[in-house]
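To start, the structure itself, in structure tokens.
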Amino acid sequence: MGSQWRAALGIVLVLVTTGCRDEPPPPPDGAVTVVNLNAAMGFKMGKGDNHGTDATREDLELLADDILTRDADIANLQEMAEPAAHELRGILAEKTGARWEMNWSHSTRASYYAGRDENEPPVYENVSAGNAQLIRIGDGIDAQQPITVDGDRPTGEPDQGIMLPTSKEPTAGRSFQGTELTTAKGRIDTYNLHLALGRDNTDEERARDVEVIQRYTESRTNPAVITGDFNQPIDIPISSNPLTGSPKTVNALKAFMETYGYTDVGQLLGPTSNRDPGDWKEEYKTLARLRIDYILTAGVTTRDAERFDSHESDHWGLAATIDLTAGLTTRTAAEPPMDPKRYHHDSYGLEYVFFTSVTGDHFCGIAKDQVVCQGPTEPVPPPPPGVCDNPSGPSWGHGMYVDPAGKVDFLCAGGVMYWPSDGGPDEQDVLDPGRSLSAYGFTCAGEGPGIRCVHDKSGHGFGIATKANRKF
């Protein structure tokens with residue numbers, strides 16, 4: 001690393017750190033501020049150990065101050081305990097008088113302590129640990145809808161996230177989550193990541209995690225914001241530091257910028273550890289001098305990007321404000337559309353295309369008069385009066401549809417409406433995340449574990465997955 005580069009970095013660090021505790025002016029109308037912070041509740045988690053954010057009201061109050069000092073509308077947090085995230089949501093609501101909603105992404109289970117006494121019992125014992133998204137409703141954000149919901153974990157932990165391939169078992173590993181924000185200017189997808197360390201998984205495994213995330217994020221066309229603790233520097237040559245190895249992981253992460261057009265908002269803000277490594281292992285002493293936390297954006301204009309000192313965490317926080325007055329840019333899906341001929345069927349003169357979600361939970365058909373996707377979903381509202389209210393008749397809510405008039409609703413149906421004319425569904429019928437399919441004036445796309453379908457002319461449609469659905 002040359003002396004000129006170090007001097008420039010020193011200037012950046014001085015500018016960023018000066019006055020980092022000052023109260024910033026609130027953003028003007030038409031702005032949404034995103035904060036990313038590894039809360040460090042997973043740091044050691046031992047009895048009597050007061051590193052990081054401990055399981056106490058006092059520490060959670062300080063974490064809330066970190067979020068509110070930046071006037072955040074959405075806080076993406078890593079290394080949280082689920083009950084602590086709920087308590088933090090309540091503290092934010094008390095301090096602001098606003099409604100805060102929470103999405104949870106389970107990664108593993110752990111016990112958490114107050115960090116005061118070597119003989120103390122756990123405050124939270126064997127609880128869900130992972131990532132939390134906390135969203136303030138009513139100050140720039142009108143509503144939010146999780147978009148990475150694939151069902152609760154097998155042992156029952158509530159969850160709005162996706163487990164990644166590096167996970168060694170269904171209920172323990174790494175995860176990520178995303179939500180669709182509705183604003184006055186349009187919708188924005190916001191994702192929260194915490195990727196594996198290089199010492200825990202191979203380069204191939206970590207690169208595959210990133211590629212799976214990209215299949216989800218790039219299957220959608222909303223503008224997007226991705227934040228998180230990536231546990232991987234991407235902008236220092238390998239010869240300068242051994243932790244910048246993992247070339248496949250680095251290349252996969254760089255694809256966000258080089259292939260998909262994201263802006264690395266915090267590129268000039270410096271390293272993202274804010275603590276003296278002290279008695280850390282040599283590996284962590286090196287890690288503390290590197291940038292491993294990121295805010296990446298596509299299709300939005302940001303301003304006031306900053307790195308701020310956090311009260312309890314061993315990470316710096318990152319913040320950036322999305323300027324809604326500058327408008328939002330619709331993105332194009334990364335993968336080319338599928339050929340509808342692959343999915344074409346003709347049953348007794350009725351022509352349609354048939355496909356399934358990647359999970360196999362939803363069977364879909366596109367015909368001239370409608371698009372239908374059938375399968376379990378929730379929540380489902382009661383049927384309208386007089387519709388599907390005969391106990392011995394068809395069932396309500398086991399699917400959704402949109403028709404050529406742009407009408408969207410849940411289904412009232414007595415059985416499967418579309419099925420392959422040449423046998424049962426198989427791999428050839430799957431519409432993968434990131435792929436779209438157009439026929440008869442409708443377009444459907446694989447979105448994460450579910451399907452999104454739209455009537456091309458009206459723009460109305462639906463999204464459906466096992467634990468989520470929406471009309472638009």
Side-chain angles (χ1 to χ4, degrees), residues 36-45 52 76-82 104-110 128-133 148 150 153-154 157 159-178 191-217 226-236 238 241-256 264 266 271-273 277 280-296 313-316 318 448:
N36 179 82
L37 179 61
N38 183 318
M41 291 196 77
F43 185 79
K44 294 188 178 179
M45 297 183 294
N76 284 342
L77 306 174
Q78 303 90 45
E79 289 195 21
M80 287 293 295
E82 187 200 10
W104 180 250
S105 180
H106 171 84
S107 295
T108 187
R109 300 189 71 84
S128 180
N131 312 317
Q133 288 185 311
T148 50
D150 65 348
R153 300 273 66 81
E157 300 92 344
D159 188 63
Q160 289 87 43
I162 301 291
M163 296 294 284
L164 290 168
T166 52
S167 303
K168 302 303 183 184
E169 54 185 280
T171 58
R174 298 283 177 166
S175 65
F176 84 106
Q177 62 190 153
Y191 297 90
N192 182 22
L193 318 181
H194 192 191
L195 302 181
L197 283 162
R199 64 176 172 81
D200 294 333
N201 295 91
T202 66
D203 187 22
E204 290 77 10
E205 288 175 323
R206 298 170 70 220
R208 188 163 63 250
D209 276 2
V210 177
E211 290 160 359
V212 165
I213 290 167
Q214 287 166 344
R215 287 179 63 187
Y216 281 78
T217 61
I226 302 173
T227 85
D229 175 1
F230 289 9
N231 274 318
Q232 179 64 52
I234 63 174
D235 47 11
I236 298 177
I238 293 176
N241 197 299
L243 285 184
T244 58
S246 303
K248 294 181 179 179
T249 304
V250 170
N251 288 336
L253 288 171
K254 285 185 173 180
F256 276 116
D264 184 354
T272 52
S273 174
W280 289 2
K281 296 178 182 178
E282 188 62 35
E283 176 185 15
Y284 295 131
K285 291 181 181 180
T286 307
L287 191 65
R289 298 192 295 270
L290 298 175
R291 184 172 73 105
I292 59 173
D293 302 85
Y294 298 82
I295 296 180
L296 312 179
S313 175
D314 57 322
H315 287 245
W316 290 84
L318 296 175

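Predicted model, so just to flag it, every value in this text is computed and none were measured.
- Legend: residues meeting salt bridge (charged side-chain N to carboxylate O under 4.0 Å, His left out) with Glu204, ordered by chain and number and at least two apart, are Lys248.
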Inset, instruction - Assess whether side-chain contact (heavy atoms from CB on, under 4.5 Å) is satisfied between Val210 and Phe256, documenting all intermediate values. - result: CA-CA 10 Å; Val210 177; Phe256 276 116; 4.0 Å; yes
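- Remark: Asp264 pairs with Arg291 by the salt bridge (charged side-chain N to carboxylate O under 4.0 Å, His left out) rule, at least two apart or across chains.
- Closest approach of Gly178 to Gln133, counting heavy atoms only: C-OE1, 3.9 Å.
- Across every non-hydrogen atom of Ala40 and Glu79, the tightest pair is CA-OE1, 3.4 Å.
- Of the N and O atoms on the side chains of Thr166 and Asn201, not one donor lies less than 3.5 Å from an acceptor on the other residue.
- Considering all non-hydrogen atoms of both residues, Ala129 and Ala110 come closest at CB-CB, 4.4 Å.
- Heavy atoms only, all atoms of each residue included: Val212 and Pro165 are closest at CG2-CG, 3.7 Å.
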Inset, instruction - Given side-chain contact (heavy atoms from CB on, under 4.5 Å), test Ile162 with Ile213 step by step and report yes or no. - result: CA-CA 9 Å; Ile162 301 291; Ile213 290 167; over 6 Å; no
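- Residues that satisfy the side-chain contact (heavy atoms from CB on, under 4.5 Å) test with Asp200, not counting sequence neighbours, are Arg174, Leu197.
- Put simply, the side chain of Asn131 never gets that close to the backbone of Asn76: no donor and acceptor are under 3.5 Å apart.
- Rounding to the nearest 0.5 Å places CG of Leu164 at 12.0 Å from CD of Glu211.
- Thr249 meets the side-chain contact (heavy atoms from CB on, under 4.5 Å) test with Asp203, Arg206, Ala207, Gln232, Ser246, Leu253; sequence neighbours excluded.
- Residues forming a side-chain hydrogen bond (donor to acceptor under 3.5 Å, both in side chains) with Ser105 (at least two apart in sequence, or on another chain): Ser175.
- Gly173 and Thr108 make their closest contact through N-CB, 4.4 Å (heavy atoms, listed as atom of the first residue, atom of the second, distance).
- Rounded to the nearest 0.5 Å, atoms CD1 (Ile234) and CG (Leu290) are 12.0 Å apart.
- Qualifying side-chain contact (heavy atoms from CB on, under 4.5 Å) partners for Ala81, counting only residues two or more places apart in sequence or in other chains: Met41, Pro83, Ala84, Tyr112, Tyr124, Val127.
- Ring to ring, Tyr191 and Tyr216 are not that close: their centroids are 6.0 angstrom or more apart.
- Remark: Asp229 engages Asn38, Gln78, His194, Asn231, Ile292, Asp293, His315 in a side-chain contact (heavy atoms from CB on, under 4.5 Å) (not counting sequence neighbours).
- Atoms CH2 and CG, on Trp316 and Asn36 in that order, are 14.5 Å from each other to the nearest 0.5 Å.
- With sequence neighbours excluded, the residues that form a ring-ring contact (aromatic ring centres under 6.0 Å, His included) with Phe230 are Tyr294.
- Smallest separation of non-hydrogen atoms from Pro233 and Val250: O-CG2, 3.8 Å.
- Judged by distance alone, the side chain of Asp159 and the main-chain N or O of His106 form a donor-acceptor pair under 3.5 Å.
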